[in-house]
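Worksheet for the structure shown next.
Being a predicted model, the structure only gives us computed values, none of them experimental.
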Protein chains: 2
Amino acid sequence: MNPNQILQSLIAENLVSDPNGARGRLLKEAARLFREKGYERTTVRDLAAAVGIQSGSLFHHFRTKEEILKAVMVETIRLNTALMQAAMEAAETPKDKLRALVRAELESINGQTGEAMAVLVFEWRSLSEDSQAEVLELRDIYEALWLDVLGTLRDQKRLLADPFVVRRMLTGALSWTVTWYRPERGGLTLDGLTDQVMAMLGFPPAS
Amino acid sequence: MNPNQILQSLIAENLVSDPNGARGRLLKEAARLFREKGYERTTVRDLAAAVGIQSGSLFHHFRTKEEILKAVMVETIRLNTALMQAAMEAAETPKDKLRALVRAELESINGQTGEAMAVLVFEWRSLSEDSQAEVLELRDIYEALWLDVLGTLRDQKRLLADPFVVRRMLTGALSWTVTWYRPERGGLTLDGLTDQVMAMLGFPPAS
DNA sequence: CAATACCAAGCAAGCGCTTGGTTTGTAAAC
DNA sequence: GTTTACAAACCAAGCGCTTGCTTGGTATTG
């Protein structure tokens, strides 16, 4: 199943909004603005202007501004969990599975859904505590994928550090790429960056 | 020179404010509040209340709210650059120097100045572009320390990935610890965490 | 003809910051 | 050792503006 098929099936199941529909377009623009200016600095008037409606009209689609932020996060996690699962199932060895996860997470952060992923990382505290708890639950599924693979590598002594710690370090390291990685400028491709991460962990690229 | 001596000499040179003075106390409370609630969600009334004065009185010490944020960041960088330099000079081999840097950065993030360091990482975008440029310049000194050590290890083939990329990954990974590392609860000490980071990079702890 | 999507207008609250005047600390002048 | 001078630190009040959100009404669509 390719990435586009995954998106389509999630739309069909009503788990993510169609980016062509009104709601989906708003969420996409919201993700862009939240990343660009931050959630607090983005006003409902900014959001409305971005999709060409009046600010009051937003509240027919969402009850509050925070609900928009939450929707961006929830749909992003749903999509990316599905993408990760697919990427990992396609790989065979633990090392390849790890590479697939790293590659998929880098793609999530720096690719199409990158804006929404950045929002997920940097606007976390703007969510109310209740919403945080809800979103956190979705993230656990996603984290289990990583711990499984890292645990296997650890058992094989190919990873020297604790899987929990490594996963958390990788979360930070990979998220942070959003602040500096610019594929269009430098020579480093996404695959190249993935190789660098693997090399850093002591898995040199197959020659 | 121990950490406290370093702080004292920086105060003497007027590079950081005395935490016992009015200005220093405000900056400390500001760091705490900015980290806890975020810069945008912290009002000047919150800041004033935290040090027991009226909101208007803040503006005798700082011209704008943003100037407070900038001061927190500038003083934090100054202090931590000095701490890093000291930590590194005390080490001998490149591996020990790297460990000293990792340990010092973890200490910066999770220790006394942790609140201010977290502000530096997460409230970056709340600074105006001009202020960002100023602060960035200070950071470059600090980054040069890292690249020097990582470059040496790379030349010795003890590091497989590109120093620039590794440094950026470490920036993300180490900063991120602020979101999950709780030394008071878990069994992992700062030294233990440092060992884990080194192990992840392929430098097993000396047995 | 109902439901959905939207507009135009604006409210109440909260924001950063200003203003004019008072207190406090310090040190020279008598 | 009291008085005078003056700046720094602070208060009380509030201005002008922006914010998230509401309201009552009007197109648009199946």
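At a non-hydrogen distance threshold of 4.0 Å, R45(A), G52(A), I53(A) from residues 45-53 of chain A come into contact with DNA chain C.
At a threshold of 4.5 Å between non-hydrogen side-chain atoms, the residues W124(A) and V119(A) do not count as touching.
In the set dG20(D), dG16(C), dC7(C), the nucleotide with an atom closest to the side chain of K65(A) is dG20(D). For S55(B), taking side-chain heavy atoms from C-beta onward, the closest of the listed nucleotides dA5(C), dC17(C), dA12(D) is dC17(C). Each of dT18(C), dA8(C), dG20(D) was ranked by its minimum atom distance to the side chain of Q54(A); first place goes to dA8(C).
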Take S126(A) and E66(A) through the test side-chain hydrogen bond (donor to acceptor under 3.5 Å, both in side chains) and record every step on the way to the result. CA-CA 8 Å; S126(A) 295; E66(A) 199 210 312; over 6 Å; no
side-chain hydrogen bond (donor to acceptor under 3.5 Å, both in side chains) between T93(A) and D96(A), intermediate numbers included: CA-CA 5 Å; T93(A) 68; D96(A) 286 345; 3.3 Å; yes
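At whole-Å resolution of the value, CZ in F62(B) and C1' in dC10(D) are 15 Å apart. Note: NZ (K37(B)) to C1' (dC15(C)) measures 13 Å, nearest angstrom. Remark: P of dT22(D) and CZ of R63(A) are 10 Å apart, rounded to the nearest angstrom. With rounding to whole Å, E66(A) atom CD is found 16 Å from dT19(D) atom C1'. If you take CZ of R41(B) and C1' of dT18(D), they are 17 Å apart, rounded to a whole angstrom. Between E40(B) atom CD and dG14(C) atom P the separation is 18 Å, expressed in whole Å. The distance between atom CZ of F59(B) and atom C1' of dA13(D), rounded to the nearest whole Å, is 15 Å. Following rounding to the nearest Å, R23(A) (CZ) and dT4(C) (C1') show an atom-to-atom distance of 15 Å.
Taking only side-chain nitrogens and oxygens, S57(B) comes nearer than 4.0 Å to OP1 or OP2 of dC11(D). Within the structure, every side-chain polar atom (N or O) of H61(A) is placed at least 4.0 Å from both OP1 and OP2 of dT4(C).
More than 12 heavy atoms of other residues, nucleotides or ligands lie within 6.0 Å of CD in Q5(B), so this atom counts as buried by the packing criterion.
Proximity of a side-chain donor or acceptor of K37(B) to a complementary backbone N or O of R125(A) within less than 3.5 Å is not detected.
A residue-by-residue look at Y39(A) and H60(B) shows that H60(B) has its nearest nucleotide of DNA chain D further toward the 5' end.
Ion pairing of E67(A) with K70(A) is absent here, as no side-chain N (NZ or NE/NH1/NH2) approaches a carboxylate O to less than 4.0 Å. R23(A) has a carboxylate O that lies under 4.0 Å from a charged side-chain N of E75(A), or vice versa, which qualifies the two as a salt bridge.
Within the nucleic acid shown, T64(B) comes within 4.0 Å of sugar-phosphate atoms alone, with no base atom in reach, counting heavy atoms only.
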